[in-house]
2 protein chains.
Amino acid sequence: MMAGVSANADAQRSAAPPPELGRAARRSASWTIAHTADEADRPSGSQSIQRALVLLNLVGVLARDRPEGVSLAELTRVSGRPKASVRRVLVALVAEGYVEQDPGTACYRLGLQAGVLGELAGHRADDLGEASTDSLIRIADTSTDTTFLTVRHGSYGVCTRRQEGPGPIRNYALAVGDRHPLGIGAGSLAVLSALSDDDIDDVLASTATTRGHYPGFDDETLRGLVRRSRRDGYALNDGRVIAGSWALGVPVHDAAGRPVAALSVAGIAERFDPPQCDELAALLHTEARSIHAALTRSQESRPVRGRP
Amino acid sequence: MMAGVSANADAQRSAAPPPELGRAARRSASWTIAHTADEADRPSGSQSIQRALVLLNLVGVLARDRPEGVSLAELTRVSGRPKASVRRVLVALVAEGYVEQDPGTACYRLGLQAGVLGELAGHRADDLGEASTDSLIRIADTSTDTTFLTVRHGSYGVCTRRQEGPGPIRNYALAVGDRHPLGIGAGSLAVLSALSDDDIDDVLASTATTRGHYPGFDDETLRGLVRRSRRDGYALNDGRVIAGSWALGVPVHDAAGRPVAALSVAGIAERFDPPQCDELAALLHTEARSIHAALTRSQESRPVRGRP
DNA sequence: CGCAACGGTCCATATTGTGGACCACGGATC
DNA sequence: GATCCGTGGTCCACAATATGGACCGTTGCG
């Protein structure tokens, strides 16, 4: 019990360009990495719910580029949980409409309610998303690379926006919905580096077991990366998550000055030699400041508590 | 236990126009109506999950027009469940990021993950939503009233789209995310009327207890409404859900010919005398056929199963 | 024809979620 | 300022609930 829970994201990001992979190339994940706040410190009585929510997210992420959906087998494999459990949860999710099952293939994908929830959530004032879209587009256009918005959630970073640049190179290392411990990836590292030393200690402690599944991201390495990021003024991911995929990120601060998100740009290694890095960082910083300003504005223009 | 579970929707749709309601006017719901498939027939082993999902939806619906969020008290009241339970579930939802709690007011609203899920779900091929947007806009424009897309989910209908017309009158009887048993409301009734008699029997049986909370929608009344709808060629809701709020709906059939959704238009009673009804019905039918055609097209242009 | 992988089901077990009772707080009202 | 109500939040004995290993029926490959 309480072993490796759940899973995630780019475990299995199918290499898209070559459609010629033999059937031998298993699409399934070979590692199961945690997808949620470290399971250990959960005090309370709701693990079935937490498992369900994690699985829901997992269905969304895995089925993202597959209209067919995800197979039960793959979900059990990736989530690292017994098949019967996964299925029981899936049945519940289907019953509520958050997941639907393809009657033909028996595969699972997000359902009606997931869309409704999104509609409801989108309708809500999503200040950050709102404020960042323009910036993302501008960055993607001028850099010609793929741009991301990573939002801090506890000790983890969640990719909430992704904007393709006009360039020919597509990046599959990060997609909307992916979640990684703070420090893994450029945007995530940018947020981490912007935290206080005390907060960093907490984060590292909290994500320790999760990070066990990311080779080469032990505490010391991460602290080193934080130091470098602070010195340089930007966070650089030199291909340590996925070989050959580099990225550069800077933090975004909310109205209260807390680093709540990050902008990042990803591309191939060749695009990240020092002079280009500085140029990119300047661009990102400008946009990050612009988002911060927008957040500040929208904050003070809403002192309304309760009804007029 | 297993008494009235959960709740919904337009229980408490605050009358928006008059901002001058004394503090005496409680905003909270006074009735708790079921929000999910009838709880009785749930085979099992996942009621905590189902409760969590229902609550999640509830947070979304109730907090829709309130950036502040919903209070714990209101959620317990509307959901009809013990406060401790509601809170425990909310904590789990918050921990996973699907709900967030305003640190100032302690109110709950949809969180980051809800938006992510929506993004993921929207990215998915949402044929129906895609095919209907244009139609909804056209109907709203020509009718000058508010137009809805209601999707069938089991024995219930869920409002998934809503398009305001240019007219001055706003309708607050139905909003995205609301769920009612089939037969309650114009669109919902349109779907029901398009089902086979056997299916209608099943639906009525399945929603019997739920409909207990909708006064004046017993089996006989509904069968009568179905007969009338079939005769007229459209479903008319003559203000029986919310007094003064009338609506007219027609079913939408998928590629296989099954009634999976409905288009409907809502407005004040004065706009629904027989000649206008026929005119409206004709308009809706045209658009319904157009959506059906689009669905058929998108269906046959996607025979791709598996990878090339 | 066996083998492996698939989706799906069963059911004894104890872990998990349950919810009534309780506390502290804040703002009306007397 | 004493009293009341409603709020958000916590506790914990209890048993209903979720759990997951074992199992079944199919399918498709070698």
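Below, chains carry the letters A, B, ... as their sequence lines are ordered, and counting in each starts from 1.
Look at CG on A:Leu90: it is 15 Å from P on D:dA18, rounded to the nearest Å. To the nearest angstrom, P of C:dC6 lies 12 Å from CG of A:Leu75. Nucleotide C:dG17 holds its C1' atom 15 Å from the CZ atom of B:Arg87, rounded to whole Å. Here D:dG8 presents its P atom at 5 Å from CG of B:Leu72, a figure rounded to the nearest Å. Separating the OH atom of A:Tyr108 from the C1' atom of C:dG7 is a distance of 7 Å, rounded to the nearest angstrom. In this structure, CD of A:Gln47 is placed 11 Å from C1' of D:dT17, rounded to the nearest angstrom. Regarding B:Glu68, its CD atom lies at a distance of 16 Å from the P atom of D:dT7, rounded to whole Å. Taking atom CD of A:Gln50 as the reference point, atom P of D:dA18 lies 15 Å away to the nearest angstrom.
DNA chain C is contacted by both A:Ala73 and A:Ile49; A:Ala73 maps to the nucleotide lying nearer its 5′ end (nearest heavy atom per residue). In terms of position on DNA chain C, the residue among B:Val89 and A:Ser71 whose nearest nucleotide sits closer to the 5' end is A:Ser71.
Side-chain nitrogen and oxygen atoms of B:Arg51 include none within less than 4.0 Å of the OP1 or OP2 phosphate oxygen of D:dT17. Considering only side-chain N and O atoms, A:Ser46 lies nowhere under 4.0 angstrom from the phosphate OP1 or OP2 of C:dG17.
Residue-level contact check: A:Ser48 touches the backbone only, with heavy atoms under 4.0 Å from sugar-phosphate atoms and none from bases.
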*How far apart are the C-alpha atoms of A:Glu100 and A:Gln113, what are their side-chain angles, what is the distance that settles it, and do they pass the side-chain contact (heavy atoms from CB on, under 4.5 Å) test?*
CA-CA 10 Å; A:Glu100 64 187 24; A:Gln113 284 295 325; over 6 Å; no
*Using the salt bridge (Lys or Arg N to Asp or Glu O under 4.0 Å) rule, take B:Arg152 and B:Asp199 through it: C-alpha gap first, then chi angles, then the decisive distance, then the call.*
CA-CA 13 Å; B:Arg152 177 184 180 191; B:Asp199 285 349; 5.1 Å; no
_Derivation and outcome, side-chain hydrogen bond (donor to acceptor under 3.5 Å, both in side chains), residues B:Ser155 and B:Thr207_ = CA-CA 7 Å; B:Ser155 302; B:Thr207 62; over 6 Å; no
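Of the charged side-chain nitrogens involved, none lies within less than 4.0 Å of a carboxylate oxygen, so that B:Arg51 and A:Glu96 do not count as a salt-bridged pair. Between A:Arg109 and A:Glu68 there is no salt bridge, since no side-chain nitrogen of the basic residue lies less than 4.0 Å from a carboxylate oxygen of the acidic one.
You'll find a donor-acceptor pair under 3.5 Å spanning the side chain of A:Arg88 and the base of D:dG20, going by distance alone.
Side-chain N/O atoms of A:Tyr108 and A:Ser71 include no donor and acceptor closer than 3.5 Å.
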Dump the pairs, protein N or O against N or O of nucleotides 21-27 of chain D, anything under 3.5 Å, distances to one decimal.
none

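For A:Asp202, the side-chain hydrogen bond (donor to acceptor under 3.5 Å, both in side chains) criterion is met by no residue, not counting sequence neighbours.
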